[in-house]
Visitor: 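Sharing a structure below in structure tokens format, with a few things to ask.
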Amino acid sequence: MEKIADFFYDLKDRVTNPLFTSFIIAWLIYNWKIPMVLTFYKFTDLERDGYKSYIEFVSKNLQLQSSFLTPLCYALGYTFIFPILRMGILAFLTLIKTKSTNYNLRIAGKGIMPTERYLSLKENYKKQTKLLTSIIEEEKAAVTKMEEMQVQLSKENQQNLKLLSETSELKDDVSMLEKEREKLEAKLQHYKKLSLVSILNGEWEYKSYDKSIEYMTSQRLFIEDGNAYTISSSTGDKTLEFKIQNYCFNNQTNQISFLKVFIPESDKKFNFQLLNYDNNISHLKGNEDNEWSIEYQKII
């Protein structure tokens, strides 16, 4: 179907071609006898003229020059030369019309204008002048109003810019306050962790020695929610050694303190410990009852 459609489209393009159409018309004019006989003549009329068949008539009346070359020359001339001639003719007519108009205007300009015509033109001139003046005044008023609007817009733009600047400053302040709030929140969370005895949960190496460092003890402790267990180096068993009570911290001095309550209770029921801590709460160093120097080192 596509091939048939392409064929008819190509055929339509060829038939509507100006050269092809011009050639067909020229051929019909120069070979008018052939279409006339084929259309209107009967066979008896053809015999009367001395022809035995239509084919004999066509073959005898077809000649190369009159049947093909001459129509082709006229078709080429009509297609390619006649548009140029037509353009020249139209240009010539336009030139003549322009010259005639200009000549008539020059002749009319030399004549005498009637009084009525003069007065009518003068009155019309006054009206046009008045109308033009009115238009100019309206345009001036419009320009003035536009300038006032531009000034107002400029003021509003400046106010908007000022508001935008203030808004930006407020946003910066809000952002700064938000950062401060985040810092305070982080500190609060840190202080909450420090306020719980569970911050000491984990395995520690505990050392204690007198101030002359002549006597020192060392042991491994496991602290869990305020309960401190000793860990046997041989078996790894845990034994409850003491409990941590009255735990508190001081963020100003980076110190924590608590009571070391012995289990089982001995003659001395508890010791007071005051320890300095680092940022990670992994190293504690201080004294016990202000007699012994102690140190806790967290085992990771």
Visitor: Is the closest side-chain heavy-atom distance between Ser154 and Gln150 below 4.5 Å?
Guide: no
Visitor: How many angstroms lie between atom OG1 of Thr239 and atom CD1 of Ile263, to the nearest 0.5 angstrom?
Guide: 12.5 Å
Visitor: Do Tyr229 and Leu221 come within less than 4.5 Å of each other through their side chains, counting heavy atoms only?
Guide: no
Visitor: Are Ile244 and Leu196 linked, directly or through intermediate hydrophobic residues, by side-chain heavy-atom contacts shorter than 4.5 Å (ILVMFWY only)?
Guide: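 No, because Leu196 and Ile244 fall into different hydrophobic clusters, even though each may have its own neighbours under 4.5 Å.
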Visitor: When you compare the side chain of Lys193 with that of Gln189, does any pair of heavy atoms fall below 4.5 Å?
Guide: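 In short, these two side chains do not touch, never coming nearer than 4.5 Å.
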Visitor: Counting only heavy atoms not in Lys243, do more than 12 fall under 6.0 Å of its NZ?
Guide: no
Visitor: Treat each ILVMFWY residue as a node, draw an edge where side-chain heavy atoms are under 4.5 Å apart, and state whether Val197 and Tyr191 are in one component.
Guide: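 The answer is yes; both residues are in one hydrophobic cluster.
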Visitor: Mind checking the CD1-CD spacing from Ile231 to Gln219? Nearest 0.5 Å is all I need.
Guide: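 Interatomic distance, Ile231 CD1 to Gln219 CD, rounded to 0.5 Å: 10.0 Å.
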Visitor: Do Lys260 and Glu288 come within less than 4.5 Å of each other through their side chains, counting heavy atoms only?
Guide: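 A side-chain contact under 4.5 Å exists here.
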Visitor: Would a distance-only check, ignoring hydrogens and angles, find a side-chain to backbone donor-acceptor pair under 3.5 Å from Thr144 to Lys140?
Guide: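 Looks like yes, one N/O pair under 3.5 Å.
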Visitor: Is it true that a side-chain atom of Asn124 and a backbone atom of Ser120 form a donor plus acceptor pair closer than 3.5 Å?
Guide: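 Pair absent, no side-chain N/O of Asn124 close to backbone of Ser120.
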Visitor: Between atom NZ of Lys238 and atom CD of Glu224, what is the distance when rounded to the nearest 0.5 Å?
Guide: 7.0 Å
Visitor: Looking at Ser100 and Ile96, would you say the former's side chain and the latter's main chain have a donor-acceptor pair under 3.5 Å?
Guide: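 Pair absent, no side-chain N/O of Ser100 close to backbone of Ile96.
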Visitor: Is there a side-chain contact between Thr217 and Tyr209, using heavy atoms and a 4.5 Å cut-off?
Guide: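 No, side chains not in contact.
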Visitor: How far does OH of Tyr277 sit from NE2 of His283, to the nearest 0.5 angstrom?
Guide: 15.0 Å
Visitor: Test Lys285 against Gln297 for side chain to side chain contact (heavy atoms under 4.5 Å, CB included), laying out the working first.
Guide: CA-CA 9 Å; Lys285 190 174 182 181; Gln297 180 66 49; over 6 Å; no
Visitor: Would you check if there is a donor-acceptor pair between the side chains of Asn250 and Gln255 at a distance under 3.5 Å?
Guide: no
Visitor: I'd like to know if the side chain of Lys298 and the backbone of Asn201 have a donor-acceptor N/O pair within less than 3.5 Å.
Guide: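 Yes, because the side chain of Lys298 sits within donor-acceptor range (under 3.5 Å) of the backbone of Asn201.
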Visitor: Between Ser168 (side chain only) and Ser165 (backbone N and O only), is there a donor and an acceptor less than 3.5 Å apart?
Guide: no
Visitor: Answer yes or no: is there a side-chain heavy-atom contact under 4.5 Å between Tyr296 and Leu275?
Guide: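 Yes - at least one pair of side-chain heavy atoms lies under 4.5 Å apart.
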Visitor: With rounding to the nearest 0.5 angstrom, report the CG to CZ distance, Asn287 to Phe272.
Guide: 8.0 Å
Visitor: Passes side chain to side chain contact (heavy atoms under 4.5 Å, CB included), Lys130 versus Tyr125? Steps please.
Guide: CA-CA 8 Å; Lys130 185 177 180 180; Tyr125 172 76; over 6 Å; no
Visitor: Taking the side chain as everything from C-beta on, heavy atoms only, tell me whether Leu188 gets closer than 4.5 Å to Lys192.
Guide: yes
Visitor: Could you verify whether a donor N or O on one side chain and an acceptor N or O on the other, from Ser282 and Asp278, lie under 3.5 Å apart?
Guide: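 Yes, because at least one side-chain N or O of Ser282 sits under 3.5 Å from a partner of the opposite role on Asp278.
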Visitor: Quick check on the hydrophobic clustering: are Leu200 and Ile299 connected, directly or via other members, by side-chain heavy-atom contacts under 4.5 Å?
Guide: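 Shared cluster, no.
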Visitor: Is the shortest heavy-atom distance from the side chain of Ile281 to the side chain of Phe249 under 4.5 Å?
Guide: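 Of all side-chain heavy-atom pairs linking Phe249 with Ile281, none is under 4.5 Å.
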Visitor: Can we say Glu178 and Arg181 salt-bridge, meaning some charged N sits less than 4.0 Å from an Asp/Glu carboxylate O?
Guide: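 Salt bridge flag = yes for Arg181 with Glu178.
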